[in-house]
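No experiment lies behind these values; they were computed from the predicted model shown. Note: hydrogens, waters and symmetry copies are ignored here, and every other heavy atom, side chains too, is used.
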Amino acid sequence: PAPGTRTSRACALTVIRRTAPTSQTRISGAGSGKGRRQAMINTNPTRCNICGGPVTYGSNARVYGREYGSGYCYLCERCGAYVGTHKPRPREALGLLADEPMRTGKKMCHAIFDSFWKGKPKAGKKRHDLYCWLAHEMEIPVEDCHFGYFDIGQLRRAYIILRGVQHKQMKYDNCGRIHFEEADHEQ
């Protein structure tokens, strides 16, 4: 590739994207793994990504009324947006701080997205492949394609894309890429 670009083969397709330097922390995304670029979000936020207010780290009982998961979260003291943390790494945020509209958007996206892979044979592979497909559709790096990393605009865009395939059947082509076909209806 040309200088200032990178090539990703994480999802059975080649995508060349411009790269830009950033000061954000590297964390693993849905398509990341050994030898792949990791998503860039701030895993130890001190300022809210929504309102710019101060963010504090502490017990997630402040949000849920009891400790849940890792027991910790980051909470914006101004707008109340919050994000949980990883259980094995409780100082590492799971994604961006989210307010109520963002949490609702994530739930709406997951309701459609998860129906294609949860409880299905080879669920883990299907989930990974779906994130690769969605990244391609959204024209973003697969490492950045995770609902926890999306802002409200990206959640809206993902939801529109997912609504377009909601009632279709997920299929694989001969190269292992996902596509969607009209559902077969039995008479």
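Scored by the side-chain contact (heavy atoms from CB on, under 4.5 Å) test, M170 finds F116, K126, L130, Y172, I178, F180 as partners (sequence neighbours excluded). Scanning for salt bridge (Lys or Arg N to Asp or Glu O under 4.0 Å) contacts around R78 gives an empty result, with sequence neighbours left out. Scored by the side chain to side chain donor-acceptor pair (under 3.5 Å) test, E181 finds H179 as partners (sequence neighbours excluded). For A123, the side-chain contact (heavy atoms from CB on, under 4.5 Å) criterion is met by W117, not counting sequence neighbours. Listed by chain and residue number, nothing satisfies the side-chain contact (heavy atoms from CB on, under 4.5 Å) test with S115 (two or more places apart in sequence, or in another chain). Remark: K107 engages no residue in a salt bridge (Lys or Arg N to Asp or Glu O under 4.0 Å) (not counting sequence neighbours). Scanning for side chain to side chain donor-acceptor pair (under 3.5 Å) contacts around Q169 gives an empty result, with sequence neighbours left out. Residues that satisfy the side-chain contact (heavy atoms from CB on, under 4.5 Å) test with R62, not counting sequence neighbours, are T56, C73, L75, E77. For the ring-ring contact (aromatic ring centres under 6.0 Å, His included) test, residues two or more places apart in sequence or in another chain that qualify with Y72 are Y57. Remark: F147 engages H110, F113, Y131, F150 in a ring-ring contact (aromatic ring centres under 6.0 Å, His included) (not counting sequence neighbours). Checked against salt bridge (Lys or Arg N to Asp or Glu O under 4.0 Å), K168 has the following partners two or more places apart in sequence or in another chain: E182. By the salt bridge (Lys or Arg N to Asp or Glu O under 4.0 Å) test, K118 is found to be paired with D114, residues two or more places apart in sequence or in another chain being considered.
For L162 against W133, the heavy-atom pair with the smallest separation is CD2-CZ3, 4.1 Å.
Within a 6.0 Å sphere centred on CZ of R103, other residues, nucleotides and ligands contribute more than 12 heavy atoms.
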